[in-house]
Amino acid sequence: MSRIENVLYTGKTRTTGGRDGESHSSDGRLVVKLSPPGTAGEGTNPEQLLAAGWSACFIGAMGLAARAQHVALPKDTEVNTEVDLGTAGDQYFLQARLNVSLPGLDRDVAQSLIDSAHRTCPYSKALHGNIDIVTTLA
């Protein structure tokens, strides 16, 4: 496992109440009500938060790859991420799908950007080998 040599940023939150609670960032920019997935609660859930953070980071990683390959990342680039919470026996697990849209790019170039992003995105690196991940180029 690689260790960080230079911390660039630390996200800090305080969560109370678990899946029926709230989470607040230390800088006050994030205030999120939480509700269990699939309920009528008014909050979001950890699976949606993971999907949002991962997809944003993944687009950033594809942007780095595009610059390195001297390719322009399309302005309408999208990553639609789905994170499933499920069980196998009495154990809980996650699995995910990243559906990537890079309109106007040659399929081979687009796939190269996706592959590079999986190698460099910190979320992908943290989850690769730990959960089932399927990536699809739309």
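The residues of the chain are indexed from 1 along the displayed sequence. Computation of the quantities below employed the complete heavy-atom set of this structure, encompassing side-chain atoms and omitting hydrogens, waters and symmetry-equivalent molecules.
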Considering only heavy atoms from C-beta outward, does the side chain of Thr81 approach that of Asn99 to under 4.5 Å?
-> no
Sub-4.5 Å side-chain heavy-atom contact between Arg67 and Leu73 | no
Heavy-atom pair of closest approach, residues Cys57 and Cys121 = SG-SG, 3.3 Å
Does anything in residues 33-50 pair up under salt bridge (charged side-chain N to carboxylate O under 4.0 Å, His left out), and if so which pairs, sequence neighbours excluded?
-> Arg19-Glu47, Lys33-Glu42
Is Pro36 close to Asp20 at the side-chain level, that is, under 4.5 Å between some pair of heavy atoms?
-> yes
Determine whether Tyr92 and Leu94 fall in the same hydrophobic cluster, where Ile, Leu, Val, Met, Phe, Trp and Tyr are linked whenever their side-chain heavy atoms lie under 4.5 Å apart.
-> yes
Taking salt bridge (charged side-chain N to carboxylate O under 4.0 Å, His left out) as the test, write out the residues that go with Lys125, two or more places apart.
-> none
Heavy-atom closest contact (Ile114 atom, Phe58 atom, distance) | O-CZ, 3.7 Å
With sequence neighbours excluded, give me every salt bridge (charged side-chain N to carboxylate O under 4.0 Å, His left out) pair touching residues 77-92.
-> Glu82-Arg97, Asp84-Arg97
Identify whether Val83 and Val32 are in the same connected component of the hydrophobic contact network (ILVMFWY, side-chain heavy atoms under 4.5 Å).
-> no
Indicate yes or no for a side-chain donor-acceptor contact from Thr39 to the backbone of Ser35 under 3.5 Å, with no hydrogens or angles considered.
-> no
Rounded distance (nearest 0.5 Å) linking atom OG1 of Thr87 with atom CZ of Phe93 | 9.0 Å
Side-chain heavy-atom pair Leu50, Leu127 within 4.5 angstrom cut-off | yes
Check side-chain hydrogen bond (donor to acceptor under 3.5 Å, both in side chains) between Glu5 and all other residues, then give those that pass, not counting sequence neighbours.
-> none
Side chain to side chain donor-acceptor pair (under 3.5 Å) partners of residues 128-138, not counting sequence neighbours, each pair once = His118-Thr135
Within-4.5 Å side-chain heavy-atom neighbours: Leu30 and His24 | no
Using the side-chain contact (heavy atoms from CB on, under 4.5 Å) rule, pick out the option among Ile133, Leu49, Val79 that qualifies with Trp54.
-> Ile133
Side-chain H-bond candidate by donor/acceptor type, Glu22 with Thr16, under 3.5 Å = no
Rounding to 0.5 Å, atoms CG (Leu102) and OG1 (Thr77) come to a distance of 5.0 Å
Rounded to the nearest 0.5 Å, the CG atom of Leu34 sits from the CG atom of Asn45 at a distance of 8.0 Å
Determine, using the 4.5 Å side-chain heavy-atom cutoff (strictly less than), whether Leu64 and Leu105 are members of one ILVMFWY cluster.
-> no
Gap between atom CD1 of Ile131 and atom CD of Gln95 - 0.5 Å precision = 8.0 Å
Look only at the side chain of Ser25 and the backbone of Arg29, and say whether a donor-acceptor pair between them is shorter than 3.5 Å.
-> yes
Could you give the distance from OG (Ser112) to CD (Gln69), rounded to the nearest 0.5 Å?
-> 3.5 Å
Side chain to side chain, Thr10 and Lys12, heavy atoms closer than 4.5 Å = yes
Residue pairs fulfilling salt bridge (charged side-chain N to carboxylate O under 4.0 Å, His left out) with at least one residue in residues 112-121, sequence neighbours excluded | none
